[in-house]
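We count residues from 1, following the sequence as given.
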Amino acid sequence: MIAPRLMPCMVAAATIALTQAVPPTRQVPSAPPGAAKGVTYEDVTRSSGVSRFTHVSGTAEKNYIIEATGSGVALWDFNGDGRLDLYLVNGSTLERLRRGEDAPSAALFRNNGDGTFTDVTKETGVANGRWGQGVCAGDFNNDGFEDLYVTNFGANRLYRSDRGERFTDVAVAAGVANDSWSTGCAFGDYDGDGWLDLFVAGYVSLDLKSLPPAPGGDGRAGAQAAPAAAGDSGGQRMGAAYAPGAAVCTYRSERVMCGPRGLKGAPDRLYRNNRDGTFTDVSRDAGVADRDGLYGFGVAWFDMDDDGRLDLFVANDSGPNYLYRNLGNGRFDDVSYPSGAALDAQGREQAHMGVAVGDYDNDTRLDLHVTNFANDFNVLYHNDDGRSFTDVSVSAGLTLPSMPFLGWGTDFLDYDNDGWLDLLVVNGHVYPLADRVAWNTSYAQRALLFRNLGGRRFEDIGAAAGEALTTARVSRGSAVGDIDNDGGIDIAISNLDDRPTLARNVGGAASGHWLTLTLRGDPDRKCPRDAIGSAVFLTAGGIVRRGEVASGRGQVSQSDLRVHFGLGRETTVSKLEVRWANGPRVIYPIDRVDTFVTIDQATGHVQYGGTR
């Protein structure tokens, strides 16, 4: 969230762009020539019924870092009816924690199939009641129903699904409660036994009895300011680092909350599934124990080198990213620096938050997009050969448009179904005083929707995205998926101290042909039941497109586990190949498009259904 000591957001290319930056709340660029015609996003938050939820996170002043990180969101089918439901993680306040009170309730909204949602939080038992951060889904016990893991400031929750009707928190019994400050999480079968393991990122080891100073100067919001001792410890255009014993922390000579730099990091955890409802912490033995004590946020399992084993990426705030290559023997090799994905092209650290994974140029290799702090740019890492990544942010057109914004959630999605993955970034500053000082930015910020122009570069489509995305908000988590099963990819956004945003895709289903797949794995063949970790390669019109079944990713959020392909003008699929997790590559016949398909590994059956 907060940039480090040598942040590239402060120097070189970032400095050049500052004079050209467009304040996010004062002007929204008009639709560029490259925007897809007739495709936009409609705000259906109120009409859908989910506007009754309001996120809570500390006080309006944001005196402490715990109050600024926000929470995630999940689009997932909790009851197996083929419709995406919505889970919204909630925060809390320091006063509630100090009084020992439950946090404001999280919310689970059941999709009614008619454009509306019903709040079923109480009857399903997923209120959480803790200061929530992130969320990820996965069927950890292979019973055919998706379970939910919720990360918190404090003990986490593992909600085991009881046949899609209600949930039981089994985190303590399962050994994954992890009583610290956790953020991103993701299920993935790293050891190839057909059972989902769990990785959880740690952020800051924050002691409520010994908080760093608030902007008031003595650790109490609104207190009389003491003389500045930390100075601009983070630099003139970066977040405020904390020097132990400092009276205040400053950003551009303004007193702000402290951290994370200067605070102790919370450890990352890898939990191996014991196949009996319990997990074992194997972080140290596996080589992913966060040896440098960094501040983890976004998490992604992905097969970077296509050897059939899941590798691991961790976006670290105010430090280099971690990239761990799976060696296949229960251990990982830290290839963060040699891979090129730890730093930007100039070799500088950034304030990494969310991570998106996808094959944006249709070369069948998975690329990475990582969001960063204001006055810095978000980074697109191109996967060159399965081992090396190159920062192509400048040539892809992503540097200047992203610099005025402070990015959080990010997702690859084909919003116009033209067969090329587009890119979503949701934004919001961490310092409310951004509205009162001359920083050329604002606290609430619009989202960025970048259209992919044939795999060569991206273009911010500005106002063409629609009011749902161009309205300025203080956003954090985001998730994508087809909530109304019409073939267009919709968006859910968690907003700090506000109601969520549910943005419906209008026109995407008619703009291009599409195909959406649900995979059912066979644990007897060592593939998890929900097929997480499986890859799909679809060939149409001579182009091979790649999709994956993935848990977590984004910014502490969960997107649709179904695999969606935009096909553009193509009306036939010449080849569809599934590389099942831990298993073989199998070709399946597909004789139609603009429909939903379920493929069962055990039977080989291909079932069509769920068309609009």
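Ionic pairing of Asp530 and Arg562 is not present here: no N-O contact between side-chain nitrogen and carboxylate oxygen is shorter than 4.0 angstrom. Under 4.0 Å is where a charged nitrogen must lie from a carboxylate oxygen, and between Arg387 and Asp385 no such pair does. Checked for salt-bridge contact, Arg545 and Glu570 miss the test: no charged N lies under 4.0 Å from a carboxylate O. Taking the charged nitrogens against the carboxylate oxygens, Asp285 and Arg331 have no contact shorter than 4.0 Å, which rules out a salt bridge. Electrostatic pairing of Glu577 and Arg579 does not count as a salt bridge here, judged by no charged N lying under 4.0 Å from a carboxylate O.
In this structure, a donor-acceptor pair under 3.5 Å is present between the side chains of Asn274 and Thr280. For the 3.5 Å distance criterion, the side chains of Asn495 and Ser475 qualify, holding a donor opposite an acceptor. Between Asp367 and His369, the side chains place no donor N or O within less than 3.5 Å of an acceptor N or O (distance only, hydrogens not considered).
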Let me see the working for Asp359 and Arg365 under salt bridge (Lys or Arg N to Asp or Glu O under 4.0 Å), right down to the final yes or no.
-> CA-CA 6 Å; Asp359 178 16; Arg365 290 188 294 266; over 6 Å; no

Test Thr390 against Asp384 for side chain to side chain donor-acceptor pair (under 3.5 Å), laying out the working first.
-> CA-CA 7 Å; Thr390 298; Asp384 300 330; 2.5 Å; yes

Decide yes or no on salt bridge (Lys or Arg N to Asp or Glu O under 4.0 Å) for Arg546 and Asp306, but give the supporting numbers first.
-> CA-CA 12 Å; Arg546 176 177 183 158; Asp306 286 314; 2.9 Å; yes

Decide side-chain contact (heavy atoms from CB on, under 4.5 Å) for Phe302 and Phe313; before the verdict, give the C-alpha distance in whole Å, the side-chain angles of both, and the deciding distance to 0.1 Å.
-> CA-CA 8 Å; Phe302 76 118; Phe313 182 87; 3.8 Å; yes

Given the rule in the salt bridge (Lys or Arg N to Asp or Glu O under 4.0 Å) test, do Asp281 and Arg269 qualify, once you have shown the distances and angles that lead to the verdict?
-> CA-CA 7 Å; Asp281 185 343; Arg269 305 287 188 189; 3.3 Å; yes

May I have the step-by-step check of side-chain contact (heavy atoms from CB on, under 4.5 Å) for Cys136 and Ser551, ending in yes or no?
-> CA-CA 6 Å; Cys136 56; Ser551 174; 3.7 Å; yes

Verdict with reasoning, Trp514 to His564, per side-chain contact (heavy atoms from CB on, under 4.5 Å) | CA-CA 7 Å; Trp514 55 274; His564 177 88; 3.7 Å; yes

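No side-chain donor-acceptor contact under 3.5 Å links Arg157 to the backbone of Ala177. The main-chain N or O of Ala479 is never found under 3.5 Å from a side-chain atom of Ser559 such that the two would form a donor-acceptor pair. Between the side chain of Asn362 and the main chain of Gly419, a donor-acceptor pair closer than 3.5 Å is present. Proximity of a side-chain donor or acceptor of Asp418 to a complementary backbone N or O of Gly566 within less than 3.5 Å is not detected. Formation of a donor-acceptor pair under 3.5 Å by the Asn505 side chain with backbone atoms of Ile489 is found in this model. Side-chain N or O atoms of Thr539 include none that pairs as donor or acceptor with a backbone N or O of Ser574 at under 3.5 Å.
Residues meeting the side chain to side chain donor-acceptor pair (under 3.5 Å) test with Asp193, sequence neighbours left out: none. Applying the side chain to side chain donor-acceptor pair (under 3.5 Å) rule to Asn111 yields no partners; only residues at least two apart in sequence or on another chain are considered.
Of the candidates Tyr322, Tyr190, Phe199, Tyr190 is the only one forming a ring pair (Phe, Tyr, Trp, His ring centres under 6.0 Å) with Phe332.
Considering OG of Ser339 and CG of Leu323, their distance stands at 4.5 Å, rounded to 0.5 Å. Interatomic distance, Ile599 CD1 to Thr518 OG1, rounded to the nearest 0.5 Å: 9.5 Å.
With contacts defined as side-chain heavy-atom distances shorter than 4.5 Å, the pair Arg160/Asn141 qualifies. Counting heavy atoms from C-beta outward, Pro528 and Asn582 have side chains that approach closer than 4.5 Å.
Ring geometry for Tyr360 versus Phe412: interplanar angle under 30°, hence parallel rather than tilted (30 to 60°). Relative orientation of the Phe297 and Tyr203 rings is parallel, given thresholds of 30° and 60° on the angle between their planes.
Between Phe140 and Phe279, the distance from one ring center to the other falls under 6.0 angstrom.
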